[in-house]
Amino acid sequence: MKIRKAVFPVAGLGTRVLPATKAMPKEMLTIVDKPLIQYVVDEAREAGIEHFVFVTGRNKGVIEDHFDKMFELDTTLEARGKKAEQEILAANQPEAGAMSFTRQQAPLGLGHAVWCARDIVGDEPFAVVLPDELVLNTPGCLKQMIEAATALDAKANLIAVEAVPDDRTHQYGICGVGKRHGKIFEVDGMVEKPPKGTAPSNLSITGRYILQPEIFKILETQERGAGGEIQLTDAMIGLSKSQKFYGVEFEGERHDCGSKPGFLRANIAFGMARDDLRDGLRAEMKKYLEK
Ligand code: G1P
C-alpha cells in the first residue's frame with residue numbers, strides 16, 4: 001500500500017494551553033527548538049509522505065509561513081556565512097508544490113476537519129497525523145505503521161494505539177482487540193471517549209491513522225457524537241462494517257503536547273534525546289533540583 005498524502009488537522013483552538021495559544025497556533029508551540037508541526041511533518045517525510053495537507057482555521061497563517069522560504073533570512077545567513085543555520089532551514093522545507101492548505105470554517109470536530117481535506121486527498125489511502133501528539137522514536141510512528149501496512153490487503157485501515165491507565169480511558173478513543181498477527185491486531189470495535197468503567201480495553205487511539213478514501217463518504221453524513229462534535233472514530237466505526245481495521249502497538253514514547261504537563265515533559269524528553277543538548281540539560285536540571 002503506497003501512502004503519498006498526510007492530513008494534519010491544525011484548526012483547533014488550543015484551549016488547554018492558554019494563554020500561550022491566544023494569538024499563536026498551538027501547533028507552533030516549541031519543543032526544544034522546533035514547533036510541534038515541524039516534528040510531525042518531519043515524521044511524515046521520514047515515512048515517505050510526498051504531499052502535506054493542512055486543515056487550518058483562523059489565526060493559523062503562521063503555519064503556512066513557517067514552511068515557506070524566508071528570502072531575507074536566507075540572504076542574511078548567506079552573507080554572514082552561517083552555513084549550519086542555512087542547512088537547518090533547508091532541511092525543514094518541503095518541496096515547492098508539496099503542501100496544500102484548506103480551512104475548516106467552524107470547529108465541528110476531528111471528523112469534520114478530515115472531511116475538509118477530501119478533494120485534496122482524492123481517491124487514495126492517506127495518513128492523518130495529529131500534531132498534539134509526538135512519538136519519540138526512530139523510526140517514527142507513521143513509518144512503523146506504513147511498514148506494517150505492506151503486509152496487509154490494499155483496503156486495510158490502521159490506527160496507532162497505546163495502553164493508558166484504566167482511569168484515563170474516558171479521555172480517548174478506545175478500541176477492542178481481536179485476532180493478533182505479530183505486532184498488529186484486528187480491531188474489534190471502537191468507541192470515542194467511553195464513560196468511565198465502560199471501555200472495551202485500555203488501548204487508546206493515538207493521533208496517527210492510515211485510512212481508506214471511503215471514509216469521506218461516511219464523514220459526509222456523520223452525525224455529531226461525543227462532545228457534540230463530528231467524530232472521526234464514529235466514521236471509522238461505520239467504515240469497519242465493510243473494511244478491516246488494524247491496531248498497531250508502535251515502538252516509542254508518546255507525548256501529549258496539548259496539555260501543560262505533557263508539553264513540559266516533551267521538552268525534557270526531546271532535549272535529553274539530543275546529543276548536542278543532553279549533557280548541558282542534565283547539568284541544568286541537576287542544579288535546579290538540588291536548589
Ligand atoms: C482525538 C480522537 C481520539 C484520540 C485522541 C488522541 O481526540 O478523537 O479518538 O484518542 O485524539 O489524541 P481529542 O484529543 O481531539 O479530543
Side-chain angles (χ1 to χ4, degrees), residues 6-18 21 25-27 29 31 36-37 39-40 43 55-57 104 106-117 127-136 140-142 145 157-177 187 189-196 198-211 215 218-219 222-240 245-250 252-263 265-266:
V7 174
F8 303 90
V10 292
L13 294 174
T15 51
R16 289 193 297 160
V17 275
L18 280 168
T21 47
K26 68 171 170 179
E27 297 77 14
L29 287 172
I31 303 292
L36 286 172
I37 192 70
Y39 282 94
V40 287
E43 179 183 333
V55 181
T56 72
Q104 184 185 24
L108 296 176
L110 178 60
H112 179 259
V114 170
W115 180 72
C116 290
V128 175
V129 184
L130 308 189
D132 275 6
E133 299 220 21
L134 295 188
V135 176
L136 181 52
C141 183
L142 198 57
M145 293 173 78
N157 298 266
L158 291 92
I159 49 180
V161 302
E162 191 203 49
V164 292
D166 289 340
D167 62 355
R168 283 179 49 211
T169 51
H170 66 287
Q171 298 171 351
Y172 296 99
I174 301 290
C175 67
V177 182
V187 170
M190 290 173 268
V191 51
E192 181 66 17
K193 309 211 168 76
K196 280 187 179 168
T198 66
S201 79
N202 68 344
L203 286 183
S204 71
I205 300 175
T206 71
R208 307 285 184 275
Y209 311 74
I210 291 173
L211 297 171
I215 195 83
I218 298 175
L219 282 168
Q222 185 62 53
E223 293 188 354
R224 290 171 189 243
E229 296 190 337
I230 298 172
Q231 295 289 355
L232 182 59
T233 306
D234 293 341
M236 295 196 300
I237 294 169
L239 187 56
S240 69
F245 273 76
Y246 294 89
V248 182
E249 287 178 285
F250 55 90
E253 211 176 76
R254 171 193 194 180
H255 294 274
D256 173 11
C257 304
S259 78
K260 288 177 194 177
F263 173 72
R265 186 178 79 128

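Atoms within a ligand are numbered from 1 in the order they appear, just like the ligands themselves.
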#### Entry: Note, Pro9 side chain near Gln104 side chain (heavy atom, < 4.5 Å)
no
### Query
Got Ile174 and Ser204 here, is their nearest side-chain heavy-atom distance under 4.5 Å?
yes
### Phe250 vs Glu162 side-chain heavy atoms within contact, under 4.5 Å
yes
### Query
Any side-chain heavy atom of Thr233 sitting closer than 4.5 Å to one from Val191?
no
Distances only, to 0.1 Å: what are the N or O pairs between ligand 1 and the protein that fall under 3.5 Å?
| residue | atom | partner | partner atom | Å |
| --- | --- | --- | --- | --- |
| ligand 1 | 7 (O) | Lys193 | NZ | 3.4 |
| ligand 1 | 8 (O) | Glu192 | OE1 | 3.4 |
| ligand 1 | 8 (O) | Glu192 | OE2 | 2.7 |
| ligand 1 | 9 (O) | Gly173 | N | 3.1 |
| ligand 1 | 9 (O) | Glu192 | OE1 | 2.7 |
| ligand 1 | 9 (O) | Glu192 | OE2 | 3.4 |
| ligand 1 | 9 (O) | Thr233 | OG1 | 3.4 |
| ligand 1 | 10 (O) | Gly173 | N | 3.0 |
| ligand 1 | 10 (O) | Ile205 | O | 2.5 |
| ligand 1 | 12 (O) | Glu133 | OE2 | 2.3 |
| ligand 1 | 16 (O) | Lys193 | NZ | 2.6 |

### Query
Measuring from Asp256:CG to Arg16:CZ, what's the distance to the nearest 0.5 Å?
4.5 Å
### Message
Against Lys26, only a single residue in Thr21, Thr15, Asp132 fulfils side chain to side chain donor-acceptor pair (under 3.5 Å); can you say which?
### Response
Asp132
